[in-house]
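Worksheet for the structure shown next.
The residues of the chain are indexed from 1 along the displayed sequence. Counting starts at 1 for both ligands and their atoms, in listed order.
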Amino acid sequence: MSKFGASLNLSVPTLQELAKEPITKVPEQYLRPNLDTQTDTTSLPQVPIIDLSKLVSGDVDELEKLDHACKEWGFFQLINHGVNYFSVENMKISVQEFFNLPIEEKKPFWLTPEDLEGFVGHHVFDEQKLDWVDPFFIYTLPLNKRNPRLFNSFPHPLRINLENYSLEMEKLCITIIEYMTIALKIKRNEVQELFENSLQTMRWNYYPPCPQPENVIGLDSHSDGGGIAILLQANEIEGLQVKKDGKWIPIKPISNAFSIVLGDTLEIITNGVYRSVEHRAIVNSEKERISIVAFHRPQQNKVIGPIPSLVTTERPALFKQIVAGDYYKIYFSRKPQGKTCLDVMRIKNDIGE
Ligand code: OGA
Ligand code: NI
């Protein structure tokens with residue numbers, strides 16, 4: 001979601017309202033006849049699960065697992081993460097209640113052309129089909145990015161719970177980066193510096209049940225543009241899929257776990273040693289699904305490029321340097337399409353990657 005680029009279609013009523021009607025067919029603009037949402041469930045690879053408490057206690061095997069997950073998947077589930085249980089549970093409840101507010105009470109949270117935050121409707125690129133989701137988008141950190149229009153209007157518990165959760169997510173992001181730098185055997189501050197006072201945004205996704213789930217997509221295939229996204233499922237409905245070796249792998253929600261999604265900026269900074277992951281969300285006919293995603297990315301004015309200790313003669317720089325804000329601008333102005341935005345940054349060289 002963005003402050004830039006594509007036109008916004010606000011004429012579409014919220015899907016949540018639409019799906020309250022007893023509809024048997026979805027509107028044409030959501031239909032994707034050739035979609036392949038089936039996955040072959042035989043011989044699926046094991047999705048990495050990382051235990052943060054083991055990393056903290058210095059377990060080298062766990063560090064190896066983390067390194068492997070970031071290199072081969074760009075994705076892992078994180079358990080024993082140490083985030084306060086009540087912060088997480090309260091956030092889930094508040095977001096669920098927020099989506100369930102009557103439409104009239106949601107009006108103050110509609111996007112405005114001035115700030116482009118709130119219930120954002122859909123970004124429409126050309127003839128693009130729409131995703132089966134109501135997204136709510138908001139800047140949460142640093143503090144001066146918080147939009148008083150939204151923060152001052154939130155129901156009180158949501159505001160408190162969000163403030164809490166936002167800080168917990170920032171802390172967790174810094175911890176994850178710390179272990180990544182240990183696994184990468186690089187200087188601690190090389191990556192950390194880029195994520196100091198990082199921009200944190202959140203996207204809360206409401207996916208209503210859908211009468212034709214095999215022909216719609218909740219969120220189309222994309223990689224995230226930033227560094228690290230921490231995804232929390234507010235309810236344990238399956239829907240997230242990540243691409244691994246050309247195959248869509250369904251992610252089974254684990255209670256008390258987060259899904260960690262690596263984004264393009266991290267792939268650029270680590271010179272492709274760690275990778276961003278292509279992912280999408282599918283929907284189902286029975287149940288709504290809600291996810292709460294906290295994105296972390298370097299501030300607009302930081303220069304991002306492969307960090308010096310990961311550029312060697314054997315592994316020359318794969319990506320150009322760019323001012324972070326310029327990359328985000330490019331990212332948000334394009335139609336999401338797998339990982340193609342990263343190609344803009346690639347340096348063509350002899351090793352042909
Ligand atoms: C996102 C995202 C997946 C999900 O918001 O960027 O990938 O499961 N969400 O909601
Ligand atoms: Ni995403």
For ligand 1, which of its N or O atoms have a protein N or O partner closer than 3.5 Å, and how long is each gap?
from, atom 1, to, atom 2, distance (Å)
ligand 1, 5 (O), R203, NE, 3.3
ligand 1, 5 (O), N205, ND2, 3.1
ligand 1, 6 (O), H222, NE2, 3.2
ligand 1, 6 (O), D224, OD1, 3.4
ligand 1, 7 (O), H222, NE2, 3.2
ligand 1, 7 (O), H279, NE2, 2.9
ligand 1, 8 (O), R289, NH1, 3.2
ligand 1, 8 (O), R289, NH2, 2.8
ligand 1, 10 (O), N205, ND2, 3.3
ligand 1, 10 (O), Y207, OH, 2.7
ligand 1, 10 (O), S291, OG, 2.6

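Contact detail for F154 and L162: the closest heavy-atom pair is CE1-CD2, 3.7 Å.
Between K339 and D264 no salt bridge is recorded (no basic side-chain N to carboxylate O distance below 4.0 Å). With respect to the salt-bridge test (charged N to carboxylate O, under 4.0 angstrom), the residues D220 and R32 qualify. Look at K92 and E97 and you find no salt bridge, because none of the NZ, NE, NH1 or NH2 atoms lies under 4.0 Å from a carboxylate O.
In this structure, a donor-acceptor pair under 3.5 Å is present between the side chains of E278 and S221. If you check the side chains of Q200 and S166, you find a donor sitting under 3.5 Å from an acceptor.
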Determine all donor-acceptor pairs shorter than 3.5 Å in which one atom belongs to a side chain in residues 67-74; sequence neighbours excluded.
from, atom 1, to, atom 2, distance (Å)
D67, OD1, Y274, OH, 2.5
D67, OD2, K71, NZ, 2.7

In residues 303-310, what donor-acceptor pairs under 3.5 Å come from side-chain atoms, sequence neighbours left out?
from, atom 1, to, atom 2, distance (Å)
S309, OG, E190, OE1, 2.4
S309, OG, E190, OE2, 3.2

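Two residues are said to be in side-chain contact when any heavy atoms from C-beta on lie closer than 4.5 Å; I230 and V293 fail this criterion.
Atoms of the protein (N, O or S only) found under 2.8 Å from the Ni ion (ligand 2) are H222 NE2, D224 OD1, H279 NE2.
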